[in-house]
Amino acid sequence: MASRSIARAVQPTLSKPACRAFSSTSASLAGRQGGRFRKPEKKFDVAYMEKFEFDDQTTIGHELFENIRTVRQYLRKTEYELPKLQTFAKPFEPPTSEQIVKLKTHNYLGEGHPVERKVVLSVKVSDLKLDNKEKHKFLLLAGPRYNVDTEEFVLSSEKFPHRKQNKKYVHDVLNKLVAESKNKDDTFEDIPLNLAQPKKRLQFPKEWARPPQPQQQEAQQQE
């Protein structure tokens, strides 16, 4: 009886078909044999390189061809793509008498730079329409930001990370200065205004001028 029960227990296991075990290892790791990676044989062996038949360009020649391709690429853009930008062209309109503030910024094409956030504001003090007392107070508040040679108030800012923030900041400072200059509570009339002397423009003496050439004399006589 014991032998029959053992035979019945073994029979189902023997009747199952044999299965092949598959590995889940990636294909790139399946070729590892021996060491960590299987090294290619005779990859850089000079003896197994093809014979050079002098039918190819040198390295300098390939670099020259690459430069020619780059130049032709930009020439094609100039010929076919740049004329399309004419649809976006706008006629130049000079600033009106009310547009007195000038803003100066910097842009670097193809790369970022910290100076791109900087904004420089400049405005003629005479365009602010201030009387003598208000101008006196404004120049006192402006201090070294007033340029005597150009008679402009210049203010720059790069304390904020974005250009729009700096632009708004310089506008706000200018508006506050103008509003404070028009405040009649204290006109600062008792404080003297010490401005730097403007730079003198040197005039070239006429006797140092080079005598005109014969061709210039003939052109002047014809005129």
Side-chain angles (χ1 to χ4, degrees), residues 55-131 134-135 137-139 141-182 196 198-199 201-204 212-213 215-216 218-220 222-223:
D55 55 350
D56 192 6
Q57 290 288 341
T58 60
T59 303
I60 299 176
H62 283 290
E63 292 179 355
L64 178 61
F65 288 155
E66 186 64 25
N67 293 335
I68 294 174
R69 295 189 192 98
T70 304
V71 172
R72 289 182 176 180
Q73 177 185 359
Y74 286 106
L75 289 176
R76 285 192 292 269
K77 290 184 178 181
T78 305
E79 182 69 21
Y80 300 107
E81 297 184 13
L82 286 183
K84 298 179 182 179
L85 299 178
Q86 294 180 356
T87 57
F88 303 98
K90 296 181 180 179
F92 173 73
E93 297 180 359
T96 61
S97 58
E98 297 179 355
Q99 298 173 345
I100 59 177
V101 179
K102 293 185 294 184
L103 296 173
K104 181 180 178 181
T105 58
H106 297 271
N107 290 320
Y108 287 82
L109 298 179
E111 60 178 347
H113 198 277
V115 80
E116 289 185 341
R117 65 186 181 185
K118 183 178 180 180
V119 178
V120 181
L121 179 144
S122 60
V123 60
K124 286 276 188 181
V125 178
S126 57
D127 294 336
L128 297 177
K129 299 179 181 180
L130 303 174
D131 56 20
E134 295 172 352
K135 183 179 179 181
K137 187 175 181 180
F138 180 84
L139 295 181
L141 296 175
R145 294 176 178 83
Y146 175 68
N147 192 337
V148 183
D149 299 325
T150 59
E151 298 182 354
E152 289 182 342
F153 171 74
V154 182
L155 178 65
S156 63
S157 174
E158 53 181 339
K159 62 187 299 184
F160 297 102
H162 299 288
R163 181 184 299 174
K164 291 184 178 179
Q165 293 174 324
N166 292 309
K167 186 185 296 184
K168 184 180 184 302
Y169 173 75
V170 293
H171 272 289
D172 294 342
V173 172
L174 177 62
N175 294 332
K176 290 179 180 179
L177 286 175
V178 174
E180 187 63 29
S181 301
K182 295 182 179 181
K199 296 180 180 179
R201 296 183 179 180
L202 299 178
Q203 295 182 357
F204 191 79
Q213 300 295 329
Q215 297 178 356
Q216 296 179 356
E218 294 177 359
Q220 293 177 359
Q222 292 179 0
E223 293 177 355

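In this text the structure is predicted, and so the values were computed from the model without any measurement.
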Less than 4.5 Å apart, any side-chain heavy atom of L128 and any of E134? no
Residue F204 excluded, over 12 heavy atoms near CZ under 6.0 Å: yes
Name the orientation class of the two ring planes belonging to F153 and F138 (parallel below 30°, tilted from 30 to 60°, perpendicular beyond 60°). perpendicular
Inter-residue atom distance I100.CD1 - S126.OG, 0.5 Å rounding: 9.0 Å
Could you measure the distance from the CG atom of N67 to the CZ atom of R69? Nearest 0.5 Å is fine. 9.5 Å
Pairwise distance NE2(H113) to CD(E111) - rounded to 0.5 angstrom: 7.0 Å
Do L174 and L155 have side chains that get closer than 4.5 Å, going by heavy atoms? no
CA sep, side-chain torsions, deciding dist, call: K135, V125, side-chain contact (heavy atoms from CB on, under 4.5 Å): CA-CA 8 Å; K135 183 179 179 181; V125 178; 4.1 Å; yes
Check the surroundings of atom CZ in F160: do more than 12 heavy atoms from other residues, nucleotides or ligands lie under 6.0 Å from it? yes
Output for pair (Q73 CD, T78 OG1), nearest 0.5 Å, gives 10.5 Å
Got N147 and T150 here, is their nearest side-chain heavy-atom distance under 4.5 Å? yes
Residue pair P198 / V148, side-chain heavy-atom distance below 4.5 Å: yes
Please step through side-chain contact (heavy atoms from CB on, under 4.5 Å) for the pair L82 and L85, ending with a clear verdict. CA-CA 6 Å; L82 286 183; L85 299 178; 3.8 Å; yes
Rounded to the nearest 0.5 Å, how far does CG of L121 lie from OG1 of T105? 12.0 Å
4.5 Å side-chain heavy-atom contact, Q57 and L64: no
Would you say the side chain of S157 lies within less than 4.5 Å of the side chain of K118, judging by non-hydrogen atoms? no
Quick one: does S181's side chain get under 4.5 Å of L141's, heavy atoms only? yes
Salt bridge (Lys or Arg N to Asp or Glu O under 4.0 Å) contacts in which one or both residues fall within residues 151-170, not counting sequence neighbours: K102-E152, K168-D172
Do side-chain atoms of N166 reach the backbone of R117 as a donor and acceptor pair under 3.5 angstrom? yes
Got a donor-acceptor contact below 3.5 angstrom from the K137 side chain to the L177 backbone? no
Within the structure provided, determine whether V154 and V120 are in side-chain contact (heavy-atom separation under 4.5 Å). yes
Closest contact, heavy atoms only, P83 versus Y80: CD-C, 3.9 Å
